[in-house]
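Have a look at the structure below, then the notes.
Just so we're on the same page: letters track the sequence lines, and every chain starts at 1.
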Protein chains: 2
Amino acid sequence: MIGSTAAEHGPHVVGATVTPIAVADPPLLNSVGVHQPYALRAVVQVHTDAGITGIAEAYGDDPTLDRLRRVIPGLTGLDVFDIHGLTRRVSAALAGVEADTPTELIGVASVAKAVAATVAAFEVALFDIQGKATGLRVCDLLGGAVRPAVPFSAYLFYKWAGHPGGDADQFGAALDPAGIVAQARHLVETYGFRSLKLKGGVFPPDDEIAAIEALRAEFPEHPLRIDPNANWTVPTSLAVAERLDGVLEYLEDPTEGIAGMASVAAQTTIPLATNMCVTTFADVPRAVATDAVRIILSDHHFWGGFRASLDLAAVCETFGLGLSMHSNTHLGISLAAMTHLAAATPLLTYACDTHSPWQVEDVIEPGSVVIRAGEVTVPEGPGLGVTLDEDALGRLHEQYLRCGIRRRDDVTPMRAVAPDWTGARPRF
Amino acid sequence: MIGSTAAEHGPHVVGATVTPIAVADPPLLNSVGVHQPYALRAVVQVHTDAGITGIAEAYGDDPTLDRLRRVIPGLTGLDVFDIHGLTRRVSAALAGVEADTPTELIGVASVAKAVAATVAAFEVALFDIQGKATGLRVCDLLGGAVRPAVPFSAYLFYKWAGHPGGDADQFGAALDPAGIVAQARHLVETYGFRSLKLKGGVFPPDDEIAAIEALRAEFPEHPLRIDPNANWTVPTSLAVAERLDGVLEYLEDPTEGIAGMASVAAQTTIPLATNMCVTTFADVPRAVATDAVRIILSDHHFWGGFRASLDLAAVCETFGLGLSMHSNTHLGISLAAMTHLAAATPLLTYACDTHSPWQVEDVIEPGSVVIRAGEVTVPEGPGLGVTLDEDALGRLHEQYLRCGIRRRDDVTPMRAVAPDWTGARPRF
């Protein structure tokens, strides 16, 4: 009987809870619109017969919550070490589920990706339990830390001073090169970041090129990246690439799709990176065959968890691709997960993305994952090495109940300001 | 400091021993010659500060022993969970080592492959320790068993009745279709094998086709494979493929090299498999680009251990390749390792190869890895779930000292019978 042999070796799942939360989010601008006042996340808690609970963070939109909850009944009895069994159980529970994606900024929706994201959420919690059961850190369970701390990049955003109709937030506006440089200066001073990434695709390319050039002038040693989230045509991408050749560490998703990226890649020496056109293993062969990208931005949340991310690293290494790490808005549980994973991934030589500095609320007890000198030191564990703050979880769940937001939508809030806004790409 | 963070979490290595052994081996024929009267293996024992010892089996030729021993001093202090640290330490210790391969039947020698084989030997022992330290089976540490028992195939060999100048062995001669069928019948009756693989490349292809057809007549339901170890030209391979289309499950290494295999693959519908032209990750891109093979035969001994084998599985799955498992002569420690790995590899849907039935001597206490109904039930663990028999180890080491064989050489013993024999391929 498949899977039956793993039934007696680790702690076993007796239940799980999924708690949606909402965290205040600044009006960060991107190619499809603007962040809503609250970003949604879900906190997954998996309970075992050993009395150990594991935690994880997932997307918090309604379709994701539905999928997470649909899976829970079938997890009872699962050995926490049986990751293959988790995949089987999730696949079975989600058979026939609708394809859906928590944001169009991580590529096309598919059932396979929905399964992968659901596996990921529970897999992180299972690894947290594995670590707590064995006294090991998650990174130890993933083959060992190749670096004691993981570098992250400053994630720069064009932003308004506040949400429409609301007060200004603590971060201030950033709507031109001077604003972006000021933001970068603040982030570098506060967190010590040694790489800078600009979320582009917001203003006409000339303006964003000017911002990158201003960053280069202000931070001559910092590797720079720009990510217009596929808001440029191929010719626009090539024009930008020509202007920024020698300035960028890599150019992230300038244009839509593998074919478009391959066209750009063939005509520039700047390495192209993606978290939009290669977002599942099924995308890899065509990307490799067409030399569409040189760097894949992994993300355990949608690639399928830790093990799948290590699989992706193996694929990238085999085919001479580089590996970086993507981020959506996340809290401390995911920052810990990202740090353990990145620490255990030799190929991951680029500074990882993180939205962390934009979140002023969290669900974990403070102090275990902190960005200092541009790095997060791998938490000591066991497991993820972070502790859920039950009070904060309750508060942020209340906030979720109150805020009324039930799925990420960057387009509608932009319409409040620009009534004709569609978020359609490419805009430039 | 790289690797320093993993220094406090698991048991740590305090030393290791490498004991070469020789086991009686029948005169099995292949494309380069005939097995010597003794096959060499090395038993690796890794000791830790937790008092736990892990074991593994490796090749036993002089260059392998030298590499294994050269690595040992640098392993002191290694956390047994730090597999990346193992790789770093092995790579450092073997910098500048000579490329060398324990047998030309597993592809071209390279330094990378020497490193991979050395990592593999110690990695298996470290996983054995990990399991013993946590109470888990190796397969649990690899993501969980997707099958409670692993199917193996009967490995049929042309063979003489005994070594030249020696007595007949218990297995008898098999030098024609009737002999191969009788051998298959014996193996199927004794072990319950449900797949049959013939080591070919020994007699003219017509004779081996006749053997396959005789097997098909006698075992109409058993998947059949033939492996001439690259002893055929491309035209010969195509001629055989045409004759055996619809009869073979797959055709293994009919001809030499990725280019040759690609030529054959382009002109036959029989899936081609290899453990000769794709034996490192560096070989994969060209094999994929040329559609040279449809199935890779993994082998943790030379691919770099358990984790590397899972990486290979990820690569194969991503690119739509199948996965089977190769075997050289091995004993029970490796059979346990192969079984745990195969159990934890969902993609591995073919029956694995094993030489086990040809070995009448072993270094483990009997009973934990037994082929029944064509399968080996995953040992219960912890770790590999096998126990070293120290007396047997001593006896087989004495046999090693006495036998005088220091590296595998299939060519020389064949010369005793055929003075002009060179083992040069392709012969047909």
Side-chain angles (χ1 to χ4, degrees), chain A residues 1-10 78-88 123 130-131 133-137 139-149 280-285 288-289 307-308 310-320 343-346 377-378 380-382, chain B residues 1-10 78-88 123 130-131 133-137 139-149 280-285 288-289 307-308 310-320 343-346 377-378 380-382:
Chain A
M1 200 175 78
I2 284 178
S4 67
T5 55
E8 289 167 29
H9 299 86
L78 178 67
D79 186 312
V80 301
F81 285 89
D82 189 9
I83 304 303
H84 296 313
L86 170 66
T87 303
R88 279 195 309 275
E123 194 230 35
Q130 291 181 15
T134 56
L136 295 162
R137 302 174 300 176
C139 61
D140 298 319
L141 293 162
L142 298 176
V146 297
R147 43 189 78 92
T280 71
F281 289 96
D283 297 325
V284 173
V288 164
R307 282 190 169 270
L310 295 181
D311 286 349
L312 174 62
V315 169
C316 285
E317 183 144 23
T318 301
F319 285 85
T345 308
T377 296
V378 181
E380 267 308 296
Chain B
M1 202 178 75
I2 285 179
S4 66
T5 56
E8 290 166 29
H9 299 87
L78 179 68
D79 185 313
V80 301
F81 286 88
D82 188 8
I83 303 303
H84 295 313
L86 170 67
T87 302
R88 278 194 309 276
E123 194 230 35
Q130 290 182 15
T134 56
L136 295 163
R137 302 174 299 176
C139 61
D140 299 320
L141 294 162
L142 298 176
V146 297
R147 43 190 78 92
T280 72
F281 289 96
D283 297 325
V284 173
V288 165
R307 284 191 170 268
L310 296 181
D311 286 348
L312 175 63
V315 169
C316 286
E317 184 143 23
T318 301
F319 284 86
T345 308
T377 296
V378 181
E380 268 308 297

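A donor-acceptor contact shorter than 3.5 Å is absent between the side chain of A:Glu123 and the backbone of A:Leu86. In this structure, B:Asp82 contributes its side chain and A:Gly144 its backbone to no donor-acceptor pair below 3.5 Å. Between the side chain of B:His84 and the backbone N or O of A:Pro346, no donor-acceptor pair lies under 3.5 Å.
Per-residue heavy-atom pair counts under 4.5 Å with chain B were compared for A:Gly85, A:Ala313, A:Pro285, and the maximum is reached by A:Pro285. Contact count versus chain B (heavy atoms, under 4.5 Å) is highest, among A:Thr134, A:Leu136, A:Val284, A:Ile83, for A:Leu136. The candidate from A:Ala282, A:Pro382, A:Ala344 with the greatest count of non-hydrogen atom pairs under 4.5 Å with chain B is A:Ala344.
Residues A:Phe319 and B:Phe281 form no side-chain contact, since every pair of their non-hydrogen atoms from C-beta on lies 4.5 Å or further apart. The shortest side-chain heavy-atom distance between A:Glu317 and B:Asp311 does not fall under the 4.5 Å cut-off.
Residue A:Thr318 touches chain B through both its backbone and its side chain, counting heavy-atom pairs closer than 4.5 Å. No part of B:Leu312 comes within reach of chain A, as not one of its non-hydrogen atoms sits under 4.5 angstrom from that chain.
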